[in-house]
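Step one of this worksheet: look at the structure below.
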There are 2 protein chains.
Amino acid sequence: MGRPTLADVAAAAGVSPSTASLAFSGAGPVAAATRERVMAAAAQLGYTGPNPIARSLRRGQSGVVGVITGRHLSRSFRDPVSVQTLDGIADALGARDLGMLLIPFDDAAPGVPQLVAHAAMDAAIMIATPAPGDRALRTLLARDVPTVTLDSRHRGTASVRIADRAGMRDLASEVVALGHTRIAVLTLPFAPGRGTGELDPDHLPRPTYTPTRNRLAGVRDAGIRPVAVVEAGASLVEEGFEAARRLLARDPRPTAIIAFSDLLAAGVVLAARELGLDVPGDLTVTGFDGVDLPWLAPDVLASAMQPFVHKGTLAAEAAAALIAGEDVRTPDLTVVPRPGTTTGPPPH
Amino acid sequence: MGRPTLADVAAAAGVSPSTASLAFSGAGPVAAATRERVMAAAAQLGYTGPNPIARSLRRGQSGVVGVITGRHLSRSFRDPVSVQTLDGIADALGARDLGMLLIPFDDAAPGVPQLVAHAAMDAAIMIATPAPGDRALRTLLARDVPTVTLDSRHRGTASVRIADRAGMRDLASEVVALGHTRIAVLTLPFAPGRGTGELDPDHLPRPTYTPTRNRLAGVRDAGIRPVAVVEAGASLVEEGFEAARRLLARDPRPTAIIAFSDLLAAGVVLAARELGLDVPGDLTVTGFDGVDLPWLAPDVLASAMQPFVHKGTLAAEAAAALIAGEDVRTPDLTVVPRPGTTTGPPPH
DNA sequence: TTGTACGCGTTATCAC
DNA sequence: GTGATAACGCGTACAA
């Protein structure tokens with residue numbers, strides 16, 4: 001015989017299955033003596049508790065929240081942004097005894113992973129901001145899995161958003177206030193699957209990717225008309241490095257580069273160092289996100305700090321609320337300026 | 001009416017439930033025309049595939065592997081060692097369409113999380129090497145969840161292990177060959193829940209924590225009789241820093257410090273820098289693990305590189321094999337020396 | 001090639 | 001406080 005079932009325990013204890021169930025779940029009135037007998041029988045048979053799958057079937061809930069990360073977890077794990085978000089999610093889910101099922105997915109790759117389409121989950125959180133039509137998101141919605149997205153609003157999902165437009169406006173305004181006029185912008189991707197490339201500052205397409213759109217709007221809100229715009233293919237130090245080489249080769253050289261993420265900005269700083277440029281003496285650099293990059297010492301990026309952990313926590317709480325059938329409305333989070341050491345007046 | 005079931009689809013298509021099931025799973029002969037009708041009915045009703053929970057119950061498998069990490073994922077995510085291991089696990093599980101359920105657990109905290117005790121999983125992988133009697137491991141074994149551990153052997157589990165004793169012996173031998181005689185050792189914890197502290201080199205307890213035991217044995221294999229031993233409370237840069245301050249305050253000062261992890265060794269290098277000591281001119285430092293610490297530049301730690309990603313892959317494959325009911329025997333992995341820049345002859 | 005019948009292990013509901 | 005019954009949604013012998 002295989003694993004004992006609750007029915008076996010009940011039989012051994014001389015009670016009905018329903019009573020045994022109550023004894024275990026504690027969800028009903030059971031005489032202390034009866035409970036004792038049930039527990040004793042369970043111990044005797046080596047029964048370690050209700051089969052979680054059967055319980056899930058009966059209750060119609062799996063107790064699991066799917067967390068959709070970028071393909072290759074290595075990237076998510078190495079990216080300080082995802083790490084903090086995941087951390088917040090893990091904390092909040094754990095506090096509710098909800099499981100966290102990690103599902104790597106990349107919309108650029110063909111096919112939809114089995115797990116997105118078929119894994120048991122009561123709700124899902126998409127770590128990466130999905131573009132409109134994102135296949136994972138579509139699949140989840142088709143399955144009626146309540147979904148939480150970050151940074152962007154989609155039909156049928158709850159979303160946790162951040163006031164990044166205002167944050168970028170404030171940050172960019174400081175650059176303007178310092179006297180810069182030849183300002184270049186290094187953006188995040190405008191849409192999934194686009195490579196790195198230079199754009200015409202006067203004819204920028206509308207980014208479908210929300211964070212890019214908001215931050216671009218923030219730059220404009222600050223009254224900046226960039227002398228050059230480079231779109232990075234991803235938020236990576238290497239991308240920032242390459243883009244900065246292009247921007248810094250221009251004549252006249254920009255006196256400030258506004259990057260849409262700290263990782264990109266870090267790449268800019270490294271490129272400037274390699275060219276023998278002083279930051280901020282020769283070049284002002286700003287980032288976004290407010291992550292900790294000790295290896296960039298002695299420089300500390302001027303940035304806008306996002307509350308990533310809190311973002312994760314709110315996302316998980318939103319997921320829990322969706323599971324409970326509640327309506328979810330999450331307030332926009334705000335970003336906090338971080339002065340850093342990478343801004344200064346333009347060289348004359 | 002709620003979500004449509006396979007029975008609904010079958011009814012709509014005018015076939016029996018079993019036929020509809022076969023049409024979806026593809027596990028039996030179904031006429032093309034019949035399949036068409038079933039799929040059409042499914043599309044019509046918005047049926048997105050078999051309910052994963054019911055399917056799990058029926059098959060007796062959940063398709064999920066639990067991954068037990070240290071409490072607070074932030075720590076695991078920030079620790080380059082865990083990150084690489086998780087990465088390897090994620091890759092190998094994903095390739096098999098197995099879900100990865102992340103379960104934070106700390107044996108030092110009271111209680112066993114619900115998830116360890118009650119989550120549905122076909123197998124588990126413990127990222128952190130469990131000490132004998134580890135409560136999560138005991139719980140998993142009581143549940144008959146096939147479990148894979150790293151670096152240590154336990155009854156009833158498969159294990160992926162590394163030849164760290166030999167690796168440490170080789171590394172330590174090089175320090176000896178350079179002529180050092182006043183060698184201090186900075187170890188990992190001997191057992192869970194112990195704090196930082198200095199130990200008597202002549203009366204060391206036997207570490208219950210396997211990696212510590214093996215690396216200590218490796219140091220002895222190299223013929224070293226340490227002048228001082230400090231046990232770190234955890235593999236953290238800060239711990240290494242504090243321990244190094246103690247060790248470097250000794251008179252006569254050790255000329256070499258052998259640390260049991262790169263993070264600890266990095267802390268040692270930082271402490272040496274703060275004291276104005278030259279590495280390796282005044283102090284030789286070695287680490288273990290072979291992780292990439294760009295922020296320590298220009299120093300690169302002499303170390304022994306563990307194949308963490310591969311370790312994770314093997315662990316996941318072992319888990320899959322256990323699920324399939326196969327016997328698992330994983331070969332010991334070897335470590336590769338990394339020369340680094342932190343070793344040299346002792347000052348005269 | 002298709003249909004029937006049953007069981008996976010649990011829990012909600014209701015009667016006693 | 002306890003027990004009988006049904007149902008959660010599916011897969012699979014087995015019979016047709």
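Lettering follows sequence order; numbering is per chain, from 1.
- Rounded to an integer number of Å, the gap from B/Asn51 CG to D/dC8 C1' is 9 Å.
- Between the P atom of D/dC8 and the CG atom of B/Asp8 lies a distance of 10 Å, rounded to the nearest Å.
- Looking at A/Arg58, its side chain comes within 3.5 Å of the base of D/dA7 through a donor and an acceptor atom.
- Side-chain atoms of A/Thr157 and A/Ser159 form no donor-acceptor pair, as typed in the model, at a separation below 3.5 Å.
- When rounded to the nearest whole Å, the span between CZ of B/Phe24 and C1' of D/dG9 equals 13 Å.
- B/Thr34 has a side-chain polar atom (N or O) that falls below the 4.0 Å cut-off from OP1 or OP2 of C/dT2.
- Not one side-chain nitrogen or oxygen of A/Ser16 sits closer than 4.0 Å to the OP1 or OP2 atom of D/dT2.
- For the OP1/OP2 pair of C/dG3 and a distance below 4.0 Å, the side-chain nitrogens and oxygens of B/Thr19 include at least one atom meeting the criterion.
- Residue A/Arg37 contributes atom CZ, which lies 8 Å from atom P of D/dT2 at whole-angstrom precision.
- Inter-residue side-chain proximity for B/Thr48 and B/Arg3 is flagged as met; some heavy-atom pair is nearer than 4.5 Å.
- Looking at heavy-atom distances under 4.0 Å, B/Leu6 makes contact with sugar-phosphate atoms alone, never a base.
- For the OP1/OP2 pair of D/dG9 and a distance below 4.0 Å, the side-chain nitrogens and oxygens of B/Thr5 include no atom meeting the criterion.
- One interatomic measurement links the two molecules: CG of A/Leu22 to C1' of C/dA12, which rounds to 10 Å at whole-angstrom precision.
- A/Val38 has its side chain out of reach of A/Val30: every pair of non-hydrogen atoms, C-beta onward, lies at least 4.5 Å apart.
- Taking atom NE2 of A/His118 as the reference point, atom P of D/dG11 lies 11 Å away to the nearest angstrom.
- When heavy atoms are screened at a 4.0 angstrom cut-off, B/Pro50 is found touching the sugar-phosphate backbone but no base atom.
- Contact of B/Ser18 with C/dT4 (side chain to base): a donor-acceptor pair of N or O atoms is detected under 3.5 Å.
- Taking atom CG of B/Leu57 as the reference point, atom P of C/dT11 lies 12 Å away to the nearest angstrom.
- Counting only heavy atoms from C-beta outward, the side chains of B/Asp106 and B/Pro192 never approach each other to under 4.5 Å.
- For A/His154 (side chain) and A/Pro130 (main-chain N/O), a donor-acceptor pair under 3.5 Å exists by modelled atom type.
- A close approach under 4.0 Å does occur between a side-chain nitrogen or oxygen of B/Arg55 and OP1 or OP2 of D/dG11.
- Distance A/Arg35 CZ to D/dG1 C1': 12 Å, rounded to the nearest Å.
- Taking side-chain N and O atoms only, B/Tyr47 has no distance below 4.0 Å to OP1 or OP2 of D/dG9.
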